[in-house]
Amino acid sequence: MNYWLIKSEPFKYSWDQFEKDGKTIWDGVRNYQARNNLREMKKGALCFFYHSNEGKEIVGIAKVVKEHYQDPTSTDPNWVVVEIAPFKKLKKTVTLEQIKTQPRLAEIGLVKQSRLSVSALKAHEFDVILELSATK
DNA sequence: GCCAACGTTGGC
DNA sequence: GCCAACGTTGGC
């Protein structure tokens, strides 16, 4: 099972909005690497939901409820979306600052490629973040 | 196919 | 608001 980290500016689409909606399609991805990641997201996969710019923290976990299909906001079949639903809100958010102080998280996409909106996480990275969210 | 110019993202 | 990092575009 793979894990993922997806980013959104809370100004555009926040976790709170996500919870209100119950589920959402992750649309508007216009980056090939991010697109490739979307294509690999399997139903049931878990994704950390990160707020960029404002907050700069992981706020919750989403779950993939529908695998990729063509982005309805584009006519180009290259672009795809996935459907996700809120899975769990973190008790304690995990800030970028915390992540950066964790040697075990030095390699995650969020730090190494901060611009990528959908990045993959190793299982152990997922676990470390979970730990942080519970023990802050 | 190279590379400079430009646009976008996101941390600070 | 600035700037670094990175992706994309377009001229040659």
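Per chain, numbering begins at 1; letters A, B, ... match sequence-line order. Atom set for the values below is all heavy atoms of this structure, side chains included, hydrogens, waters and symmetry mates excluded.
Side-chain N or O atoms of Arg35(A) include none that pairs as donor or acceptor with a backbone N or O of Val29(A) at under 3.5 Å.
Look at Lys100(A) and you'll find a side-chain N or O under 4.0 angstrom from OP1 or OP2 of dC12(B). OP1 and OP2 of dG10(B) both lie 4.0 Å or more from every side-chain N or O belonging to Gln113(A). Distances shorter than 4.0 Å separate some side-chain N or O of Tyr50(A) from OP1 or OP2 on dG11(B). Remark: Lys7(A) is in phosphate contact with dG10(B), judged by side-chain N or O atoms under 4.0 Å from OP1 or OP2.
The CD1-P distance, from Ile99(A) to dG11(B), rounds to 10 Å in whole Å. The separation between Gln33(A) atom CD and dG7(C) atom C1' is 9 Å, rounded to whole Å. The CG atom of Asn31(A) sits 11 Å away from the P atom of dT9(C) (whole-angstrom rounding). Whole-Å rounding puts the Leu5(A) CG to dG10(B) C1' distance at 14 Å. Straight-line distance from the CH2 atom of Trp79(A) to the P atom of dG7(C): 12 Å, rounded to whole Å. Note: CD (Glu57(A)) to P (dG11(B)) measures 12 Å, nearest angstrom. The interatomic distance linking Lys112(A) (NZ) with dG7(C) (P) rounds to 13 Å, in whole Å. Between Tyr32(A) atom OH and dC6(C) atom P there is a gap of 19 Å when expressed in whole angstrom units.
Residue Leu96(A) is in sugar-phosphate contact alone, with no base atom involved, counting any heavy-atom pair closer than 4.0 Å across all strands shown.
Between Phe49(A) and Tyr13(A), the two ring planes are tilted [angle within 30° to 60°].
Residues Leu110(A) and Arg115(A) each lie close to DNA chain B; by heavy-atom proximity, the contact nearer the 5' end of the strand is made by Arg115(A).
Salt bridge status for Lys23(A) with Glu83(A): present, with a side-chain N to carboxylate O gap under 4.0 Å. Salt bridge Glu131(A)/Arg104(A): present, at least one basic N to carboxylate O contact under 4.0 Å. Under the 4.0 Å criterion applied to side-chain N and carboxylate O atoms, Glu9(A) and Lys12(A) are assigned as salt-bridge partners.
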